[in-house]
Amino acid sequence: VQLQASGGGLVQAGGSLRLSCAASGPTFSTYATGWFRQAPGKEREFVAAISGSGGSTYYADSVKGRSTISRENAKNTVYLQMSSLKPEDTAVYFCAADSRWGGPLHLGHKSPTGYNYWGQGTLVTVSS
């Protein structure tokens with residue numbers, strides 16, 4: 001599985017962005033997929049996750065209410081719509097997929113260790 005994250009850029013505080021994670025592979029629709037972010041000097045942190053069916057989602061408290069994760073399995077793509085962006089949202093955003101589990105999300109999907117495929121990241125910069 002290859003993952004390609006895109007959609008990052010420079011945005012003013014209060015603005016919106018939609019990140020996309022395009023995947024190769026015929027069985028991507030069965031994989032739990034997550035978004036993580038890493039700011040300079042900080043550890044990679046969980047942002048959001050969605051099950052393969054799209055029936056369950058998790059969000060980090062820091063983005064809950066401001067972000068929506070969704071997927072279009074026909075396009076092998078997962079999206080992260082972010083709004084009311086804050087300077088503290090500035091980070092490189094990575095998408096990741098778990099090909100080892102085809103069921104609903106579990107708590108392990110809030111950790112980087114819950115995924116075995118990673119994309120290259122897209123930079124989001126929020127100016128104040």
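- The minimum heavy-atom distance between Gly119 and Phe94, with the atom names listed, is O-CD2, 3.6 Å.
- The backbone N or O of Arg66 lies less than 3.5 Å from a partner atom in the side chain of Ser83, making a donor-acceptor pair.
- When atom types are taken as modelled, the side chain of Asn116 and the backbone of Ser99 share a donor-acceptor pair closer than 3.5 angstrom.
- Residues Gln4 and Cys21 are not in side-chain contact: their nearest non-hydrogen atoms beyond the backbone lie 4.5 Å or more apart.
- Using a 4.5 Å heavy-atom threshold, the side chains of Lys110 and Tyr58 count as touching.
- Judged by distance alone, the side chain of Arg71 and the main-chain N or O of Ser51 form a donor-acceptor pair under 3.5 Å.
- Separating the CG atom in Asn73 from the OG atom in Ser53 is a distance of 8.0 Å, to the nearest 0.5 Å.
- In this structure, Arg100 contributes its side chain and Gly114 its backbone to a donor-acceptor pair below 3.5 Å.
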Can His106 and Ser56 be said to form a side chain to side chain contact (heavy atoms under 4.5 Å, CB included), step by step?
CA-CA 10 Å; His106 56 73; Ser56 58; over 6 Å; no
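- In terms of heavy-atom proximity, Ser20 sits nearest to Thr77 at CB-CG2, 4.2 Å.
- Figure legend: cation-pi geometry between Arg44 and Phe36 absent, as NZ or CZ is not positioned both under 6.0 Å from the six-membered ring centre and within 45° of its axis.
- Counting heavy atoms of neighbouring residues, nucleotides and ligands inside a 6.0 Å radius, atom CD of Gln2 does not exceed 12 of them.
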Can you check side chain to side chain contact (heavy atoms under 4.5 Å, CB included) on Trp101 and His109, steps first, answer last?
CA-CA 10 Å; Trp101 178 259; His109 289 127; 3.5 Å; yes
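- Electrostatic pairing of Lys64 and Asp61 counts as a salt bridge here, judged by a charged N lying under 4.0 Å from a carboxylate O.
- Between Ser70 atom OG and Arg18 atom CZ the span is 7.0 Å, to the nearest 0.5 Å.
- A donor-acceptor pair is defined here as one N or O able to donate and one able to accept, closer than 3.5 Å; such a pair exists between the side chain of Thr90 and the backbone of Pro87.
- Here Ser29 contributes atom OG and Lys75 contributes atom NZ; the two are 15.5 Å apart, rounded to the nearest 0.5 Å.
- Side-chain contacts under 4.5 Å among hydrophobic residues (ILVMFWY), followed directly or transitively, place Met82 together with Val1, Leu3, Val11, Leu17, Leu19, Phe28, Tyr31, Trp35, Val47, Ile50, Tyr59, Val63, Ile69, Val78, Leu80, Leu85, Tyr93, Tyr117, Val124, Val126.
- Applying the disulfide bond (SG atoms under 2.5 Å apart) test to residues at least two apart or on different chains, none of the pairs has a partner in residues 29-69.
- With Gln38 contributing its side chain and Lys42 its backbone, the two residues share a donor-acceptor pair below 3.5 Å.
- In this structure, CD on Gln81 lies 8.5 Å from OG on Ser67, to the nearest 0.5 angstrom.
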